[in-house]
There are 2 protein chains.
Amino acid sequence: MKIGELARHTGTQVETIRYYEREGLLPEPARTDGNYRIYGPAHAERLRFIRNCRSLDMTLDEIRLLLRFKDSPAENCGAVNDLLDEHVGHVVNRIRELRQMECQLRDLRELCKEARDAGQCGILNELKRPTLNSPDGDTHMGACKERNVHRAVAKARRS
Amino acid sequence: MKIGELARHTGTQVETIRYYEREGLLPEPARTDGNYRIYGPAHAERLRFIRNCRSLDMTLDEIRLLLRFKDSPAENCGAVNDLLDEHVGHVVNRIRELRQMECQLRDLRELCKEARDAGQCGILNELKRPTLNSPDGDTHMGACKERNVHRAVAKARRS
DNA sequence: TAAAACCCTGTAGCGGCTAAAGAGTCAAGG
DNA sequence: CCTTGACTCTTTAGCCGCTACAGGGTTTTA
């Protein structure tokens, strides 16, 4: 099948498929005379694998590792289990952070019940305050914000 | 004070401060003869405001809006309240998504209790499957993944 | 046979920083 | 006075995981 068909089958954008190829996650497929990419069922399975992992918010690096195991079925899969455990950890941490944020935001919201002039607004005034305790205590993350669930991890690596 | 001192006071990286200036969140400060930036307490307060908002995962655009209200204290602050309500919504949605992911990941993990050879690994095999239901049902987000809590929103805007 | 639908490569952009190169400025110690 | 080192300056490029063009070529359909 051609790239558009693969895209439809897997619910992926065409550009994303080409991107995965550039990134080495999908192998380079055969081409037609007209230079169109031609995919088989193995490609589709591999792409589905990748998309499933992405829907669980894994990074492409994590996925690369899983794919290596998928490609060498004789190896011991202990590292796969470890990766999953670690990734669950990322997700759980991020949930905790977000829950703290939710509380802080709700507290903040309480400070201005109804609309008045901005100079008196309890929300704006509170946000000026020295420090609204940040999600991870006093080690402000500053530089360390990473995307999605992997932020806390980046922080750990750095420290 | 000079930029390094401001950075220390507010727990921000020097480069981040210059970045906020470029982005128009912080006004351009006065300079010394040697072309060093010189900040006063107003700058520090504004920067703290920004960092507090960031620690609540607001985007710079959201912060820009809040700053506009902060800068015109005579205006009605209703929009501030609305922004906060909406932002709490983002956070709550993201928490829900992540919780679903956590469940899926834990289920997945159950499929391979102990290390064996990768060919038999229940995790790797499950990840090939057609579709592991994605966080938001069947409208796979694909193109719409955005960072942090604002992903679901981007999706909404797009549809 | 023409239009529409698809495909190709290459490049640039998103957000919110972070890092590094290469240069200038300033304070303290010898 | 001079050196050293800590600080600062500007500019540019990079991170992730795509997304969105521009400017072409190919294939399918009417």
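A note on names: the letters A, B, ... follow the listed sequences, proteins ahead of strands, and every chain is numbered from 1.
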TODO: With the side chain counted from C-beta on, respond yes when A:L47 and A:Y39 share a heavy-atom pair under 4.5 Å apart, and no when they do not.
DONE: no
Beyond-backbone contact of A:V88 with A:V92, side-chain heavy atoms, under 4.5 angstrom: yes
Find the distance [X]:[atom1] to [N]:[atom2] and express it as a whole number of Å.
X: B:L6; N: D:dC7; atom1: CG; atom2: C1'; answer: 15 Å
X: B:E15; N: D:dT11; atom1: CD; atom2: P; answer: 15 Å
X: B:D61; N: C:dG16; atom1: CG; atom2: P; answer: 7 Å
X: A:Q13; N: C:dC7; atom1: CD; atom2: P; answer: 13 Å
X: B:R51; N: C:dC17; atom1: CZ; atom2: C1'; answer: 9 Å
X: A:I17; N: C:dT9; atom1: CD1; atom2: C1'; answer: 16 Å
X: A:E21; N: D:dC18; atom1: CD; atom2: C1'; answer: 15 Å
X: A:L56; N: D:dG17; atom1: CG; atom2: P; answer: 14 Å

For [X] and [N], is the shortest distance between a side-chain N/O and OP1 or OP2 below 4.0 Å?
X: A:R18; N: C:dC8; answer: yes
X: B:R64; N: C:dG15; answer: no
X: A:Y20; N: D:dC18; answer: yes
X: B:R37; N: D:dT10; answer: yes

Checking C:dC17, C:dC8, D:dG17 against the side chain of A:R54 (C-beta onward), the nearest is D:dG17
Worksheet item: Do the side-chain N and O atoms of B:R54 and B:Y20 include a donor-acceptor pair separated by under 3.5 angstrom?
Response: no
Hits for side chain to side chain contact (heavy atoms under 4.5 Å, CB included) against A:R68, two or more places apart or cross-chain, chain-then-number order -> A:L65
Ranking A:L60 and B:R31 by the position along DNA chain D of their nearest nucleotide, the one closer to 5' is B:R31
Residue pair B:R22/A:Y19 against DNA chain D: nearer the 5' end by closest nucleotide is B:R22
CG (A:L105) and NE2 (B:H87) are apart, to the nearest 0.5 Å, by 5.0 Å
CD (A:E114) and CG (B:N76) are apart, to the nearest 0.5 Å, by 10.5 Å
Please tabulate, one pair per line, each protein N/O and nucleotide N/O from nucleotides 25-29 of chain D that are separated by under 3.5 Å, including the distance.
from	atom 1	to	atom 2	distance (Å)
D:dG25	N2	A:Y36	OH	2.7
D:dT26	O4'	A:Y36	OH	3.4
D:dT26	O2	A:Y36	OH	3.4
D:dT27	OP1	A:G34	N	3.4

Between the side chains of A:E110 and A:R106, is the shortest nitrogen-to-carboxylate-oxygen separation below 4.0 Å, so that they form an ion pair? no
